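Note sheet for the following structure.
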2 protein chains.
Amino acid sequence: MPNKDGAGPRWMHGKFKCCGYRMTKPREAILDVLGNTQEHLSAEDIYLAVHKFYPNIGLTTVYRNLEMLVNMGMVVKFDFGEGRSKYELSDNYSGKGHHHHLVCKKCYKVIDYSDFMKDEVKFLKNTEDGLSKKYEFNITDHLIQFFGICKKCSTK
Amino acid sequence: MPNKDGAGPRWMHGKFKCCGYRMTKPREAILDVLGNTQEHLSAEDIYLAVHKFYPNIGLTTVYRNLEMLVNMGMVVKFDFGEGRSKYELSDNYSGKGHHHHLVCKKCYKVIDYSDFMKDEVKFLKNTEDGLSKKYEFNITDHLIQFFGICKKCSTK
DNA sequence: AATGTTAATGACAACCATTATCATTAAATA
DNA sequence: TATTTAATGATAATGGTTGTCATTAACATT
């Protein structure tokens, strides 16, 4: 799963360099893991995946890098109510494209959906504009999640 | 702030009784606190407020009751990214009415807004219907939050 | 009002995701 | 290759939340 050539995409290196950061093996491995899954991974999930190839990379490092990547906007952190955060590459860096989440409250399975975005975009634009003006808030983000019970969980 | 008569609204007692639950002093005090604030309180906030009048009510009891009230649908639990959950009475039991949240990412101030709900309701209905059908999910809830920087935080 | 049943409590320990500390290592640059 | 300092890894600490268990008190029944 990780890039065995040890280089990683060129643009990535640039991205880090120009911020005064370095491209390190753990950082690259973490991005690799995030880039090669459709799942929503916890810090520990990522740690375990990375650990297979680089057994000396520690959990602390994973947390540190995730925090940094979130701050850089390359990774997004989600809370699905499971007691631990989940991470995924942000829209610009993942193949998934813009999507939102549908979360099962029982098994915490998460479905990405990107249908129904037309209404949503309109609604979001309106609301963000209105709220920004009225409450003098500089809105940078939104979180839209639907919760429910998935098919599997509803039949047991 | 708590009802000194020690009775509380009648309908509440009924609500609990018919589920096999009991109306206890801690439970009542917690509901009282939640019913008499416009703030979004953490478990500890509630504990401290309750503690003033009933110093022997413990934090564990607060957590236990909150969990139970959330399961009953009387209280809603929110995560604003602060590292601890916040609680408020659900729409049906609070004077606030249906609203959503605008959260400052720096100071975690939360603004309730109920403007712009017209678009939202339409959008939500559409999306929920579509998602339910397509993904065979029984949708029960949604979470809509806007994040940004409040005026105060942006000028310092 | 007294009693019995059992939901609920309170004190404390345990849990577990996340963060802080700090000596050591290794990217990037010259 | 040497220098600088960002980044690492091991470990301890933090802090919100949950589990345990003996005790208490709501409520229905008598």
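Here is how names work: the chains are called A, B, and so on, in the same order as the sequence lines, proteins then strands, and each is numbered from 1. Nothing here was measured: the structure is a model prediction, and the numbers come from that model.
In this structure, Lys125(B) pairs ionically with Asp129(B), as a charged nitrogen and a carboxylate oxygen lie closer than 4.0 Å.
Rounding to the nearest 0.5 Å places CG of Leu131(B) at 12.5 Å from CG of Asn138(B).
By the side chain to side chain donor-acceptor pair (under 3.5 Å) test, Asp91(B) pairs with His98(B), sequence neighbours left out. Judged as a ring-ring contact (aromatic ring centres under 6.0 Å, His included), and not counting sequence neighbours, Tyr63(B) has no contacts. For Tyr21(A), the ring-ring contact (aromatic ring centres under 6.0 Å, His included) criterion is met by no residue, not counting sequence neighbours. Under the salt bridge (charged side-chain N to carboxylate O under 4.0 Å, His left out) criterion, Glu67(A) pairs with no residue at all, not counting sequence neighbours. For Glu128(A), the side-chain contact (heavy atoms from CB on, under 4.5 Å) partners two or more places apart in sequence, or in a different chain, are Ile139(A), His142(A), Phe146(B). With sequence neighbours excluded, the residues that form a salt bridge (charged side-chain N to carboxylate O under 4.0 Å, His left out) with Lys105(B) are Asp141(A). Legend: residues meeting side chain to side chain donor-acceptor pair (under 3.5 Å) with Ser42(A), ordered by chain and number and at least two apart, are Asp45(A).
Of the residues near DNA chain D, Gly20(A) and Gly58(A), the one whose nearest nucleotide (by heavy atom distance) lies more toward the 5' end is Gly20(A). Where Thr24(A) and Lys25(B) each meet DNA chain D at their nearest nucleotide, the meeting point lying more 5' is that of Thr24(A).
Taking atom CE of residue Met68(A) and atom C1' of nucleotide dT19(C), one finds them 17 Å apart after rounding to whole Å. At whole-Å resolution of the value, OH in Tyr21(A) and P in dT29(C) are 15 Å apart. Between the P atom of dA11(C) and the CG atom of Asn56(B) lies a distance of 7 Å, rounded to the nearest Å.
Looking at heavy-atom distances under 4.0 Å, Arg27(B) makes contact with sugar-phosphate atoms alone, never a base.
Among residue pairs with one or both ends in residues 113-122 of chain A, those qualifying as salt bridge (Lys or Arg N to Asp or Glu O under 4.0 Å) are Asp115(A)-Lys134(B); sequence neighbours excluded.
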Pull out every protein N or O sitting under 3.5 Å from an N or O of nucleotides 4-6 of chain C, one pair per line with the distance.
residue, atom, partner, partner atom, Å
dT6(C), O2, Arg22(B), NH1, 3.3
dT6(C), O2, Arg22(B), NH2, 3.3

Any N/O pairs under 3.5 Å between the protein and nucleotides 12-18 of chain C? List them or say none.
residue, atom, partner, partner atom, Å
dC12(C), N4, Thr60(B), OG1, 2.7
dT18(C), OP1, Ser85(A), N, 3.0
dT18(C), OP1, Ser85(A), OG, 3.2
dT18(C), OP2, Tyr63(A), OH, 2.4
dT18(C), O5', Tyr63(A), OH, 3.4

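With Phe78(B) as the fixed residue, the ring-ring contact (aromatic ring centres under 6.0 Å, His included) test singles out one of His101(B), His99(B), His40(B), His100(B): His101(B).
Rounded to 10 degrees, the angle between the two end axes of the helix from dA1(C)-dT30(D) to dA30(C)-dT1(D) is 40°, with five pairs used at each end.
For the pair Ser90(A) (side chain) and Met74(A) (backbone), a donor-acceptor distance under 3.5 Å is present.
In summary, contact between chain B and DNA chain D, defined as any nucleotide atom under 4.0 Å from a heavy atom of the protein, begins and ends at dG16(D) to dA28(D) in the 5' to 3' direction.
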Could you check Glu39(B) against Lys86(B) for salt bridge (Lys or Arg N to Asp or Glu O under 4.0 Å), going step by step and ending with a plain yes or no? CA-CA 9 Å; Glu39(B) 315 273 320; Lys86(B) 296 291 185 78; over 6 Å; no
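In terms of phosphate contacts, Asn65(B) brings a side-chain nitrogen or oxygen within less than 4.0 Å of OP1 or OP2 of dT9(C).
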